[in-house]
Amino acid sequence: MPEGHTLHRLANILAETFAGRVVQVCSPQGRFAESAALLDGTRLTGADAYGKHLVVEFEAERLVHIHLGLYGSLDIGHGTAGTPRGAVRLRVVADSAYADLRGPNACELWTPPQLEDLAERLGPDPLRTDADPNRAWRRIERSRAPIATLLMDQSVVAGVGNVYRAEVLFRHRIDPFMQGRLLRRREWSTIWDDLCALMAEGVRVGRIDTVRPEHEPDVMGREPRVDDHGGEVYVYRRMGDPCLVCGTRVRREVLAGRNLFWCPRCQRRTRRGSQSGR
DNA sequence: AGCTCATGGCGAG
DNA sequence: TCGCCCTGAGCTG
């Protein structure tokens, strides 16, 4: 279950494992069978990620667009694939490696123009070198929506999910309900730079760690949460627990259909923020 | 066994 | 704003 770092990591592993090789492609579950037959026996040329979207590239400009959604998984392993377990929408096999895709939101054959359309409607992705944070800022600076909502809007920033948004706002002590238009440009720059660093580390280590080493003394006696996703976080899913920095109980509230977590003291509503209402 | 929730996003109303 | 997509893990009983 992925935020952008997971998809970039999967793209890297896919490319390392399969790029340049002729692969077998099938759809044991059947829902991608027609396209799989078209790709079977052709060369896989690469893989790339755009926000939370994964694109697997085959020869002849054939692209497979994958979105894992909330439930999807892509298991890449070495050795023999064996009998598919569960509903495997897409299986890619090379000599001694395989990849099984289960439960994706999307798995479809695309042409390059379709990928261009996607890239156009996505905001800048902190994990892509071509990303322009000013594109996001132009949306944020004129929006009355809470900054916590804007960070989750993939047309504003691509790849940020519920963990990164909660954590990056905590790290910069920003009231999640502050309207985008009340954010200072300097604050946005800081958030963006931090997202670039945090998410790049997420790609490297395969989990979301956001607790700063300099906070370790504060953390003593207050266990950082090692969440189900495997990372150490300040506020994500820690509602009711003491804040690792100030000890105040972490709060949770549903915002735009998703759980938002924050520390009401560290991320206190400022004169600016309090104008935003809820 | 059944229920709830989850790192996401689309389309209907 | 809600329902739905669709899968698995972690509860409860």
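Order of the sequence lines fixes the chain letters, A, B, ..., with proteins taken first and strands second; residue numbering starts at 1 for each chain. Bear in mind that the values here come from a model prediction, so they are computed numbers and not experimental data. These values consider heavy atoms only, across backbone and side chains, with no hydrogens, waters or symmetry-generated copies.
- Following rounding to the nearest Å, A:F32 (CZ) and C:dC5 (P) show an atom-to-atom distance of 21 Å.
- Across the protein-nucleic acid pair, A:M152 atom CE and B:dA6 atom P stand 12 Å apart, rounded to whole Å.
- Closest to the side chain of A:Y236, from the set B:dT7, C:dG8, B:dG9, is B:dT7.
- Note on A:R85: nothing from the nucleic acid sits closer than 4.0 angstrom, heavy atoms only.
- Of the candidates B:dA6, B:dG9, B:dT7, B:dG9 carries the atom nearest the A:Q154 side chain, counting heavy atoms from C-beta on.
- For the pair A:Q154 (side chain) and A:G159 (backbone), a donor-acceptor distance under 3.5 Å is present.
- Between A:D153 atom CG and B:dG9 atom P the separation is 9 Å, expressed in whole Å.
- The distance from atom CG of A:D117 to atom P of B:dC10 is 14 Å, rounded to the nearest whole Å.
- A gap of 22 Å separates the C1' atoms of C:dG8 and B:dC10, to the nearest Å.
- Closest contact between the side chain of A:N162 and the listed nucleotides B:dA6, B:dG8, C:dT7 involves B:dG8.
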Open item on the list: Does A:R62 form a side chain to side chain donor-acceptor pair (under 3.5 Å) with A:S35? I'd like the steps, not just the answer.
Closed with: CA-CA 10 Å; A:R62 287 166 173 156; A:S35 302; over 6 Å; no
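- For B:dA6, neither phosphate oxygen OP1 nor OP2 lies less than 4.0 angstrom from any side-chain nitrogen or oxygen of A:R237.
- Counting only distance, with no hydrogens or angles, the side chain of A:E3 and the backbone of A:G161 share a donor-acceptor pair below 3.5 Å.
- A:A106 comes within 4.0 angstrom of no nucleic acid atom, judged by non-hydrogen atoms across all strands.
- Computed from coordinates, the A:L10 CG to B:dT7 P distance equals 18 Å when rounded to whole Å.
- What separates CG of A:L118 from P of B:dG8 is a distance of 16 Å, to the nearest Å.
- With rounding to whole Å, A:L169 atom CG is found 15 Å from B:dT7 atom P.
- At whole-Å resolution of the value, CZ in A:R252 and C1' in B:dT4 are 12 Å apart.
- Side-chain N/O atoms of A:H67 include one lying less than 4.0 angstrom from OP1 or OP2 on B:dG9.
- The side chain of A:Q29 lies closest to C:dT7 when the candidates are B:dA6, B:dG8, C:dT7.
- The phosphate of B:dT7 has neither OP1 nor OP2 within less than 4.0 Å of any side-chain N or O from A:K52.
- A:T111 and A:Q114 share a side-chain donor-acceptor pair at under 3.5 Å.
- You'll find that the side chain of A:L70 is closest to B:dA6, out of B:dG9, C:dT7, B:dA6.
- Side-chain N/O atoms of A:R207 include none lying less than 4.0 angstrom from OP1 or OP2 on B:dT7.
- Here the side chain of A:D125 pairs a donor or acceptor atom with the backbone of A:G51 at under 3.5 angstrom.
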